[in-house]
Amino acid sequence: MRSTPSSVHAGRWIRRFRPLAAGLALLGIVAPGTPAHEGEIHDPCEADLDGDGVVGPKDFFVHLRPCLGADLTARPECLPADLDLDGRVGPSDFFSRFLPELGRSDCPVACRVPEFAGTFEAIQERIFEGRGCTNDLCHGAAARAGLDLRRAASYAALLEVPSSGSPYARVEPAAPRKSSLYLKLLEAAEPGTTDVGGAPMPLGGAPLPPELLETVRLWIESAAPATGTVPGTEQLLGACLPDPLPISIAPLPPPAPGEGVHLEMPAVHLAPRSETEVCFATWHDWSDEVPARFVDPTGRFFYSAGNQTRQDPHSHHLVILDSGLGEEFLDDPSFGRWTCSGGPAPGADCDPRIEAACGEGGICRSEVRPNVACIGYGPPGGSTAAQARAALGGAGNGQSSLELSQGLYRKIPLRTLVYWNAHAFNLTALPHDLRAYLNILFTDDTRYEVEQFFDAAHIYAAAGQPPFTRQTYCRTHVFAEGARVIRLSSHQHERGEAFWVLDERGERIYESTTYSDPVVKSFDPPLRFDSPDPSDRTFTFCGIFNNGVAPDGSPDPETVRRRSRTPPNAFPCQPTACAEGRVGAACAGVGDDATCDSTPGAGDGFCDACPITAGVSTQDEMFILTGWQYFE
């Protein structure tokens, strides 16, 4: 229950104990900072087991030593003492994780007694009650617009309940921009930025301050749990909350028979404090589920009016792909063993051609392998996440949907190998099985076939941007003659501060300021591009990338790209500036820490701040314009 995020990092504490680390390595003991599991996210302050801000003898004698050799299943209170996450408390926890931290005194002090049981309870008190929403004339006894926000009724009255003044649910889990609660609060703070109907909220009161508004957005984006802590909200609230636990979203209900098909992703196991990106396959034959009127004349495809994807809020992205490969490839050795995920015999061999091969609740899948965008996965010729037209569905956060207007459709194979590309993370101390769901809906109104476009020609435009700088990049996209654009969206990573699109007249027609929840803007009627002159079909898209500049313009070591914070799947950056000591001063790379000392010999310098890097993790950057279009 730490009240602030750790600001100490592996590189600094390894330096302090380099001789000891070398000796332990020679003895065959894991060196300090070496992850016990691939993709582990390691915080050295986890050795402060009592949370008093200091790693000292008390942590060992009171918390670590009594747990040595303990059965963690029977003694869950010993889980924090398993510092190297190998499933037991043993000598390696002491030598490789605790001993190097002994004497550390700069860890954040843990919360002793949580102020709230979780994020939603804090929202209830700080916003619904603290902002007057529960008074008798509003959403208290009067239950205005049928909404009762009093403590005993509020959660049930919000989650997936239709709103009275908009087409949205009051709270749609994992979809803030389809939740009228968030949109009404946002409209009050930023008038004209939403399409929600009715009056902004709080009615007659001041708009929520940014930190409370972002708390609501994060809570909804993280599946709107009734209990537990959503990571990041403790800082926004300035409150003491319990340690975060894994969050599971409510499963997506399947479409009614004859209206669509339903896919469930085999669970992806996430170790505690880890990040990974994987690819694997499942086989699907929907021939008996699709009514004849939705099938194309070739008998190979069916027509779809859109899709909806829902997943646990532990994912940077999920892309669900039509691989383009048929049944004849199922026995290709590149897929490895096909085994059951879940069901009565998890891990057993299975035949993907047999629908019920794994029993109730089980799914037959290929081997799960670390992979970026499914590139190089499976037999040659299979699709990748870099090919927009191959996507059956997917989400950048918890939930997304494609809802096509009448007359618009996509063609989906009746029988296909599906690739699942999941880039997932688990910031909690407990393991989690990531789950996801996809509905694909039928249509027989087939006037215009839509396609997704993906302008990644300048994907790494920000690569090389120096530390402690904030820069704007603009590029152009020429739409094809005859195109009808129905949606625009964007893709950036952690240092993407803003993204916008200007039309041919220079008018801003799209803007997004949250990289993890980018705006998806629909156009009805569509944007039309009929001119034979390319200049009339040229739009400009721009992005701001902030590599460590605080709001007041000063260097911010907490938001700059840091080598010591590089996850295993990120590009290893080369430091060029000081992140501690003389913050912002130039330095000459790894090991040049003395240059960064605040005074000669102070020993407080750390050469760790890097230029922005190109790559696939959230620590690397991307700059992509995306959307949907069709041609008449």
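It should be emphasised that the depicted structure is a prediction, and the values quoted were computed from it without experimental measurement. Computation of the quantities below employed the complete heavy-atom set of this structure, encompassing side-chain atoms and omitting hydrogens, waters and symmetry-equivalent molecules.
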Q: Salt-bridge test for Glu632 and Arg528: reply yes if a basic N is under 4.0 Å from a carboxylate O, no otherwise.
A: yes
Scan the side chains in residues 346-364 for donor-acceptor partners under 3.5 Å anywhere in the protein, sequence neighbours excluded, and list what turns up.
residue	atom	partner	partner atom	Å
Asp349	OD1	Arg337	NE	2.9
Asp349	OD1	Arg337	NH2	2.4
Asp351	OD1	Arg353	N	3.0
Asp351	OD1	Arg353	NH1	3.1
Arg353	NH2	Asp331	OD1	3.2
Arg353	NH2	Asp331	OD2	2.7

(Q) Please determine whether a side-chain nitrogen of the Lys or Arg among Asp312 and Arg435 lies less than 4.0 Å from a carboxylate oxygen of the Asp or Glu. (A) no
Q. Taking only residues two or more places apart in sequence, or in another chain, which ones meet Gln311 in a side chain to side chain donor-acceptor pair (under 3.5 Å)?
A. Ser315
**Q.** Parallel, tilted or perpendicular, as decided by the 30° and 60° cut-offs, for the rings of His491 and His493
**A.** perpendicular
Q) Between the side chain of Asp445 and the main-chain N/O of Gly407, is any donor-acceptor distance below 3.5 Å? A) yes
Q. Taking it one step at a time, do Arg495 and Gln619 satisfy side-chain hydrogen bond (donor to acceptor under 3.5 Å, both in side chains)?
A. CA-CA 8 Å; Arg495 286 166 188 86; Gln619 288 297 306; 3.2 Å; yes
**Q.** Salt bridge present between Arg310 and Glu160 (N-O < 4.0 angstrom)
**A.** yes
(Q) Are Phe453 and Phe479, when compared by the centres of their aromatic rings, separated by less than 6.0 Å? (A) yes
Q. Taking C-beta and beyond as the side chain, do Asn421 and Tyr419 meet within less than 4.5 Å on heavy atoms?
A. no
Q: For Phe120 and Tyr155, run ring pair (Phe, Tyr, Trp, His ring centres under 6.0 Å): C-alpha distance rounded to whole Å, both residues' side-chain angles, the deciding distance at 0.1 Å, then the answer.
A: CA-CA 8 Å; Phe120 182 70; Tyr155 189 80; 5.2 Å; yes
**Q.** Test item: Ser401 side-chain N/O and Gln308 main-chain N/O as donor-acceptor pair under 3.5 Å
**A.** no
Q: Go through Asn426 and His432 one step at a time and tell me if the side-chain hydrogen bond (donor to acceptor under 3.5 Å, both in side chains) criterion holds.
A: CA-CA 7 Å; Asn426 178 11; His432 180 65; over 6 Å; no
**Q.** His458 and Tyr460 aromatic centres sub-6.0 Å
**A.** no
Q | Distance in Å, Leu158 CG paired with Ser163 OG, rounded so as to fall on 0.5 Å steps | A | 11.0 Å
Q.
Please report whether the ring centroid of Phe539 lies less than 6.0 Å from that of Phe529.
A. yes
(Q) For Leu185 and Val216: C-alpha separation, side-chain torsions, deciding distance, then whether side-chain contact (heavy atoms from CB on, under 4.5 Å) applies. (A) CA-CA 9 Å; Leu185 295 170; Val216 175; 4.1 Å; yes
Q. Distance-only, no hydrogens or angles: does the Thr428 side chain make a donor-acceptor pair with backbone N or O of Pro244 under 3.5 Å?
A. no
**Q.** Validation row: Pro266, Thr282 side chains within 4.5 angstrom (heavy atoms)
**A.** yes
Q) Looking only at atom types and distance, does a side-chain atom of Asn371 sit under 3.5 Å from a main-chain N or O of Gly376, one as donor and one as acceptor? A) no
**Q.** Backbone N/O of Ser490 and side chain of Thr626: donor-acceptor pair under 3.5 Å
**A.** no
Q | Check: Thr233 side chain, Val230 main-chain N or O, donor-acceptor pair, under 3.5 Å | A | yes
Q: Start with the C-alpha gap between Ile412 and Phe301, add the side-chain angles, then the distance that decides, and say whether side-chain contact (heavy atoms from CB on, under 4.5 Å) holds.
A: CA-CA 5 Å; Ile412 308 295; Phe301 299 90; 5.9 Å; no
Q | Those residues that, when tested against Glu190, pass side chain to side chain donor-acceptor pair (under 3.5 Å) (two or more places apart) | A | none
Q: To the nearest 0.5 Å, tell me how far Thr416 OG1 sits from Arg300 CZ.
A: 10.5 Å
Q: Give a yes or no answer on whether the side chain of Thr443 reaches the backbone of Leu408 with a donor-acceptor pair at less than 3.5 Å.
A: no
Q) With under 30° as parallel and over 60° as perpendicular, where do the rings of Tyr437 and His262 fit, or are they tilted in between? A) parallel
Q: Please test Leu321 against Val418 for side-chain contact (heavy atoms from CB on, under 4.5 Å), starting from the C-alpha separation and ending with a verdict.
A: CA-CA 6 Å; Leu321 297 163; Val418 171; 6.0 Å; no
Q: Ignoring hydrogens and angles, tell me if any N or O in the side chain of Glu277 forms a donor-acceptor pair with the backbone of Ser617 under 3.5 Å.
A: no
**Q.** Flag, side chain of His314 to backbone of Ile247, donor-acceptor distance under 3.5 Å
**A.** yes
Q: Using the test side chain to side chain donor-acceptor pair (under 3.5 Å), find all partners of Thr194 that sit at least two apart in sequence or belong to another chain.
A: Glu187
Q. Just how far is it from atom OG1 of Thr215 to atom CD of Glu234, taken to the nearest 0.5 Å?
A. 9.5 Å
Q.
Quick check against the 3.5 Å criterion: does Thr514 have a side-chain atom that pairs as donor or acceptor with the backbone of Asp517?
A. no
Q) In chain order, what residues pass the side chain to side chain donor-acceptor pair (under 3.5 Å) check against Tyr377, with sequence neighbours excluded? A) Ser366
Q. Taking the six-membered ring where the residue is Trp, are the ring centres of Trp500 and Tyr510 under 6.0 Å apart?
A. no
Q: Identify whether NZ of Lys or CZ of Arg in Lys178 sits under 6.0 Å from the centre of the six-membered ring of Tyr168 and within 45° of that ring's axis.
A: no
Q) Phe541 vs Phe623 aromatic rings, parallel, tilted or perpendicular, using cut-offs 30° and 60°? A) tilted
Q) Which pairs pass disulfide (SG to SG under 2.5 Å) with one or both residues in residues 254-295, sequence neighbours excluded? A) Cys279-Cys374
Q. Which heavy-atom pair separates Ala157 from Arg170 by the least distance, and what is that distance?
A. O-NH1, 2.8 Å
Q: Can you label the angle between the Tyr409 ring and the Tyr303 ring as parallel, tilted or perpendicular, going by 30° and 60°?
A: perpendicular
Q: State the CG-CD distance between Asn439 and Glu259, to the nearest 0.5 angstrom.
A: 10.5 Å
